[in-house]
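Taking it in order: structure first as structure tokens, then the write-up.
Below, each value reflects all heavy atoms present in this structure, side chains not excepted, and no hydrogens, waters or symmetry copies. Chain letters run A, B, ... following the sequence lines, proteins first and then strands; every chain starts at 1.
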Amino acid sequence: MSTAVIPVEAKPRTTYLNAGQTLKSWLLTLDHKRIGILYLISVTFFFLVGGIYATLIRLELLTPQGDLVSAQTYNKLFTQHGITMVFFFLIPSIPAVFGNFLLPIMIGAKDVAFPRLNLLSWYVFMTGALFASYAMFAGGVDTGWTFYPPYSTNYANTYVIATGLGIFIAGFSSILTGLNFIVTIHTMRAPGMTWFRLPLFVWAQYATSLIQILGTPVLAITLLLVALERTVGIGIFDPRLGGDPVLFQHLFWFYSHPAVYIMVLPSMGVVSEIIATFSRKPIFGYKFVAFSSLAIAIVGFLVWGHHLFTSSQSVYAGMLFSLLSYAVAIPSAIKVFNWTATLYRGSISYDAPMLYALGFIGLFLIGGLTGLFLAALGLDVHVHDTYFVVAHFHYIMVGGALLAYLGAMHYWWPKMTGRLYPEGWARFAALVVFVGFNLTFFPQFILGYLGMPRRYYTYAPEFQLLHVLSTAGASILAVGFILPAIYLLWSLKKGPIAPADPWLATGLEWRTSSPPPPENFERTPIVTWNAYEFRPQEEAEVIGGGKPDASSLTGE
Amino acid sequence: MPEQASTIAQQVDALFYYWLGITLFFTVLIVAAIILFVVKYRRRAPGEIPRPIFGSMKLETIWIVIPFLIAMSLFVWGAKVYFAQYRIPKDALDIYVVGKQWMWKMQHPTGQREINELHVPMGRKIRLTMTTEDVIHSFYIPDFRVKMDVVPGRYTQMWFEATKPGRYHLFCAEYCGMNHSRMTGTVIVMRPDEYQAWLSGNTSQLSPAQQGEQLFQTLGCTTCHLNGGRDAGGRGPQLAGIFGKPVQLEGGQTVVADENYLRESILNPSAKIVAGYSAIMPTYQGQVSEEQLLQLIAYIKSLSPQSGNAAMTSANAAQAASSPNGQRR
């Protein structure tokens, strides 16, 4: 990757970054790229907050007895950690940041179908975040992110309603984003951009949007019922009033299991893009990978009951949910096999995004296969609600979704900022994250099988060694997160100027300049090629806003 | 590996090792393939463009069908173990468990009570009938590989047969509030003779059925529930012999008189009216504690010739609680 020496042009090129410099021009922007950046800043902030909770949790668990914080505080810590990470980081992370920034460019559009709705979605998200943050500062909530009644409705003496309201509101931003993307993909594709020429990231976003639209309302209703039960005692979950507490678990997981796919499907889309680019090969079995996203989105709605194998649900219902859970594992397996096959006879480079993508495959593989332990009815009875589950979903959420988020961040950083990040540091950080992650979460599989229940503030002394290993891993992981924060911020000012296409990649986003002009392209692109059709660089035509130069980044 | 201290533990572990083997196989297979490709096909010239390969129907079929078949083997095996865990045996020793924030209260069929300790004989099937006074808890003995949620407003059941004398962790596995992590206890497995000795060292109490009988008198149940029912002039149905039997309801439906049905009939009598009787029974909600409810039920069970004979799986329990007849509420 080399940066051509280009004479500074007399007139600075207009990019989405220098099109307006005032705070107002950012806060009232209708540009999908700027909204993506607003989301980037917001969700990264919440990742930091969630990370601080995680740090305190791991420190408390260094010793079997409770010493760092009180039991009540510990319960609030893991609750806030879950809520912040799930609802305010993972769910919006890739769709709202990279989806917003890239999806219109990838399909050759000027913007999303409803730019105002898009801006509204960010404000709705921030309003929800405000309520949740208020609850956090007022005293927090201690129900676990799952809000199971009757604890959440009749017993918890914490800020359940304020937090629930925050999630309720933030949910609408998720619905708006999903709606916007579906309409955009249907109606705004450039001439020649047929469905099967779409990058797989777009397919993944499409599948994700379906879940956001269909699933989120159920969560909203469920949280509303919890609030009504808490305030006026409507008796839908309270057995003393004829209600059924297990009904809540059905409603909650009807959203929250598909929500796992909201978090991981976009990550799979990111990985498809990165694997193709850094092996310079079309994704093996494009249609299988594309349709597997849809299959996951659809079948993902039918497996919620596998969270209830020990909840006194009928054993026959348990069997059905177990069977369907295996069905949803197959499309995930298809993706892993196809990514691996894509590498065959490729031209593979070891740039940081590729390291993250390869790490993703390995960790997602372990996360997925351990998920099948949990889908096996007889095994789940033993490991349900233990650290085995905690390890499993962190392999999916952190090993999967977060690694993909970091991979995406590096891969599209030159496009978003117009600067190159320092490759050596980035590779090093990727390695640190990988090692730290495994040291943190692998011991938790063993803890779980040994019988250590989750959400325990104190624990039996025989579990201590594994907890110490886990905490040691978490401190390495933290270094792996701090490093990119430093060098990425450094590169904003000091990084080399990025060319339009630093990777010799194929997507339309690489056919416009870095950073792109406000309208993305100077003229509407006409697509005559398939996704991942790699050609020598000189053939690729840049239809964005001219040549990159330093002045175009700052507007000076 | 945790201790294998119940009959089910080996079955669960066998399943675990089976899938661990498959997990290792696929992880090694994929990771080895990735490492091989990444090294062998590393980029050798900056501008090189490899020949595209678009896919292979044959390969796709192979890696859809084979994983599917393997997954089905795990499904079938998992379901088999699950049935062994949750099909409650008939000839079991009945122990009643009531959870509350943050303790476990147990009562033995001979009346002994324990808190956060459970003494059981080795080599005997133990059936736990469980409920809670407040939030959801979950009764978990890792060394036995058994776990069952304890849900307010209904009875859930689980069973185990301990195979090794010793002391084993009892954990609450469902988050239940501030001292969730202290809602732990010990299951003490004894040789049968030791268990008998332990029981006889604590014989001052009445059995749950006897306590239930006393309650039955003091709560005035006998005024209406006479032997012989309506034919004998009773305003309520006869209770002797009904446990585990189908009951004909007003409106034509039939329901099996299991623990959850009896519980509902005491707390919410008008939910299911027995055919031929009218809804005159008052509710006993708030007048009897969870433990007293269990004692009343134990008494009604003891009146029944089928006592201890009703294999109630959690499936039945759940069905009864959610009322497939739509009679309830």
Please state whether the side chain, the backbone, both or neither of [X] comes within less than 4.5 Å of a heavy atom of chain A.
X	result
Thr184(B)	side chain
Gln85(B)	side chain
Ile141(B)	neither
Met57(B)	side chain

Is Tyr155(A) close to chain B through its backbone or its side chain, or both, or neither, when contacts mean heavy atoms under 4.5 Å? side chain
Among residues 62-70 of chain B, which residues come closer than 4.5 Å to chain A, judged by heavy atom distances?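 Heavy-atom contacts from residues 62-70 of chain B to chain A are Trp63(B), Ile64(B), Pro67(B), Phe68(B).
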Heavy atom to heavy atom, less than 4.5 Å: which residues from residues 7-15 of chain B reach chain A?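 At a heavy-atom separation under 4.5 Å, chain A is reached by Val12(B), Asp13(B), Leu15(B).
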Options [options], ranked by heavy-atom pairs under 4.5 Å with chain B, top entry:
options	result
Glu462(A), Arg454(A), Met452(A)	Glu462(A)
Tyr148(A), Tyr286(A), Phe288(A)	Phe288(A)
Phe78(A), Tyr459(A), Tyr74(A)	Phe78(A)
Leu247(A), Val336(A), Asp380(A), Val246(A)	Val246(A)

Can [X] and [Y] be counted as having a side-chain donor-acceptor contact under 3.5 angstrom?
X	Y	result
Ser70(A)	Tyr457(A)	no
Tyr140(B)	His169(B)	no
Ser325(A)	Ser322(A)	no

Could you tell me if [X] sits above the aromatic ring of [Y], with its cationic atom closer than 6.0 Å to the ring centre and no more than 45 degrees from the axis?
X	Y	answer
Lys287(A)	Phe196(A)	yes
Arg280(A)	Trp503(A)	no
Arg263(B)	Tyr155(B)	yes

Sort out for me which of Val151(B), Asp149(B), Asn179(B), Leu267(B) touches chain A most, counting heavy-atom pairs under 4.5 Å. Asp149(B)
Rounded distance (nearest 0.5 Å) linking atom CZ of Arg154(B) with atom CE of Met130(B): 12.0 Å
Phe534(A) side, atom CZ; Thr506(A) side, atom OG1 - distance, nearest 0.5 Å: 4.5 Å
Distance flag, aromatic centroids of [Y] and [X], threshold under 6.0 Å:
X	Y	answer
Tyr456(A)	His180(B)	yes
Tyr395(A)	Phe445(A)	yes
Tyr316(A)	Phe83(B)	yes

Mind checking ring-ring contact (aromatic ring centres under 6.0 Å, His included) for Phe144(B) and listing every partner two or more places apart, or none if nothing turns up?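 Scan of Phe144(B) (ring-ring contact (aromatic ring centres under 6.0 Å, His included), adjacent residues dropped) gives Phe160(B), Tyr168(B).
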ring-ring contact (aromatic ring centres under 6.0 Å, His included) with Trp145(A): which residues, sequence neighbours excluded? Phe87(A), Phe252(A), Trp253(A)
For the residue pair Phe16(B) and Phe373(A), does the interplanar ring angle fall in the parallel (under 30°), tilted (30 to 60°) or perpendicular (over 60°) class?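 The rings of Phe16(B) and Phe373(A) sit tilted, inter-plane angle from 30° to 60°.
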